[in-house]
Amino acid sequence: MDAKRPSDSTTLLSHLMGITDANSAGNVHGGTVMKLVDEAAALAAIKHSGGRVVTAAMDRMTFLVPINIGDVLSLCATVNAAWRTSMEVGVRVQAENPRTGETRHTNTAYLTMVALDDDGSPAHVPPIEAHTPEEQRRRREAELRRANRLAERSEIVAHREREGEAV
Ligand SMILES: CC(C)(COP(=O)(O)OP(=O)(O)OC[C@H]1O[C@@H](n2cnc3c(N)ncnc32)[C@H](O)[C@@H]1OP(=O)(O)O)[C@@H](O)C(=O)NCCC(=O)NCCS
């Protein structure tokens, strides 16, 4: 399987935040942003894997500043690292006030996407080829996050087994 560059997967989505995206405080609902983040990440993972994908996990989603109705949300998603069947996708979200041109970094999220074959079983994905110092840094940091995720998962499984709970 040929390696792919992170830039091969880069996906840009833009979305105007309308009244149906509002929460009761009048700002954009966090769930609206999470859905768009998931869509952008899935597209990046599809470009990398060349097949269908599912979201296995979303973590480290930060909400830095509120997003206003009328802002244009821009999402940039890129595969940071690829393993056997899973990929980590980083998504950066910015909001622009189209009247003033002011742009704010509003969110960052990391998602684990898993490629599936036609039978719905996890499928192998191409390795990632990180060339630039920034691509290499992102891949290193993705490895750290994966180690933490997997360690947490096995700790929970071990704890449930000790407690005699269903795994
Ligand atoms: C994601 C899913 C396919 C993994 O299935 P599984 O039986 O655990 O398969 P495996 O044990 O072979 O794991 C497959 C990969 O997923 C990764 N993975 C599984 N659960 C994970 C989790 N909670 N966090 C991070 N990675 C995870 C594994 O590390 C493995 O990666 P690797 O092959 O690169 O090492 C399965 O849990 C699933 O279908 N979940 C529901 C997905 C879904 O409906 N998403 C929302 C709609 S898209």
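Numbering starts at 1 and runs along the sequence shown. Atoms within each ligand, like the ligands themselves, are counted from 1 in listed order. Just so you know, these numbers come straight off a predicted model, no measurement behind them.
- In the vicinity of Ala57, heavy-atom distances shorter than 4.0 Å reach the ligand 1 atoms 24 (N).
- Within the listing of ligand 1, atoms 1 (C) sit less than 4.0 angstrom from a heavy atom of Ala56.
- Atom 37 (O) of ligand 1 is never approached by the protein to below 4.0 angstrom, counting heavy atoms only.
- The nearest protein atom to atom 39 (O) of ligand 1, hydrogens excluded, is given as Val54 CG2, 4.5 Å; this is a heavy-atom distance.
- Checking only distances, Arg149 never comes within under 3.5 Å of ligand 1, N or O to N or O.
- Atoms CE and CG, from Met113 and Leu43 in turn, are 9.0 Å apart once rounded to the nearest 0.5 Å.
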Taking it one step at a time, do Glu143 and Arg139 satisfy salt bridge (Lys or Arg N to Asp or Glu O under 4.0 Å)? CA-CA 6 Å; Glu143 295 286 355; Arg139 188 173 62 179; 5.5 Å; no
Could you check Asn80 against Glu88 for side chain to side chain donor-acceptor pair (under 3.5 Å), going step by step and ending with a plain yes or no? CA-CA 6 Å; Asn80 289 330; Glu88 186 197 88; 2.9 Å; yes
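- The distance from ligand 1 to the heavy atoms of Val114 drops below 4.0 Å at these ligand atoms: 1 (C), 15 (C), 16 (O).
- Ranking protein heavy atoms by distance to atom 9 (O) of ligand 1, first place goes to Pro122 CG, 3.6 Å.
- Side-chain contact annotation: His131 with Glu129, donor-acceptor N/O pair under 3.5 Å present.
- For the pair Thr112 and ligand 1, the shortest N or O to N or O distance does not fall below 3.5 Å.
- Annotation for ligand 1: atoms under 4.0 Å from non-hydrogen atoms of Thr85 are 14 (C), 15 (C), 30 (C), 31 (O), 32 (P), 33 (O), 34 (O).
- Atom 6 (P) of ligand 1 lies below 4.0 Å from none of the non-hydrogen atoms of the protein.
- Atom 14 (C) of ligand 1 is flagged as protein-proximal [any protein heavy atom, distance under 4.0 Å].
- At least one protein heavy atom sits closer than 4.0 Å to atom 33 (O) of ligand 1.
- Taking CD of Gln94 as the reference point, atom CD1 of Ile67 lies at 11.0 Å (rounded to 0.5 Å).
- Counting protein heavy atoms under 4.0 angstrom from atom 20 (N) of ligand 1 gives one or more.
- At the shortest separation from atom 45 (N) of ligand 1 among protein heavy atoms lies Thr55 O, 2.9 Å.
- With values rounded to the nearest 0.5 angstrom, Ile69 atom CD1 is found 8.0 Å from Thr20 atom OG1.
- Distance remark: protein heavy atom not present below 4.0 angstrom from atom 41 (C) of ligand 1.
- At least one heavy atom of Arg146 sits less than 4.0 Å from an atom of ligand 1.
- Proximity of atom 11 (O) of ligand 1 to the protein is not indicated, since no non-hydrogen protein atom lies closer than 4.0 angstrom.
- The structure places OG of Ser24 at 8.0 Å from NE2 of His29, a figure rounded to the nearest 0.5 Å.
- Of the heavy atoms in Ser86, both backbone and side-chain atoms come closer than 4.0 Å to ligand 1.
- For the residue pair Thr78 and Thr10, a side-chain donor N or O sits within less than 3.5 Å of a side-chain acceptor on the partner.
- Atom-to-atom distance recorded for Leu111:CG and Met58:CE is 4.0 Å, nearest 0.5 angstrom.
- Checked options Asn27, Thr32, Val33, Val72; the residue passing with Met17 is Thr32 (criterion: side-chain contact (heavy atoms from CB on, under 4.5 Å)).
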Show the numbers, then the answer: is there a salt bridge (Lys or Arg N to Asp or Glu O under 4.0 Å) between Asp71 and Arg104? CA-CA 10 Å; Asp71 281 350; Arg104 290 122 52 224; 3.2 Å; yes
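- Under 4.0 Å is where a charged nitrogen must lie from a carboxylate oxygen, and between Glu141 and Arg138 no such pair does.
- Under the 4.0 angstrom criterion for non-hydrogen atoms, Leu150 is in contact with ligand 1.
- Nearest non-hydrogen protein atom to atom 8 (O) of ligand 1 is Arg153 NH1, 4.2 Å.
- Remark: ligand 1 and Trp83 share no N or O pair separated by less than 3.5 Å (distance only, no angle test).
- Counting protein heavy atoms under 4.0 angstrom from atom 47 (C) of ligand 1 gives zero.
- Under 4.0 Å is where a charged nitrogen must lie from a carboxylate oxygen, and between Asp59 and Arg145 no such pair does.
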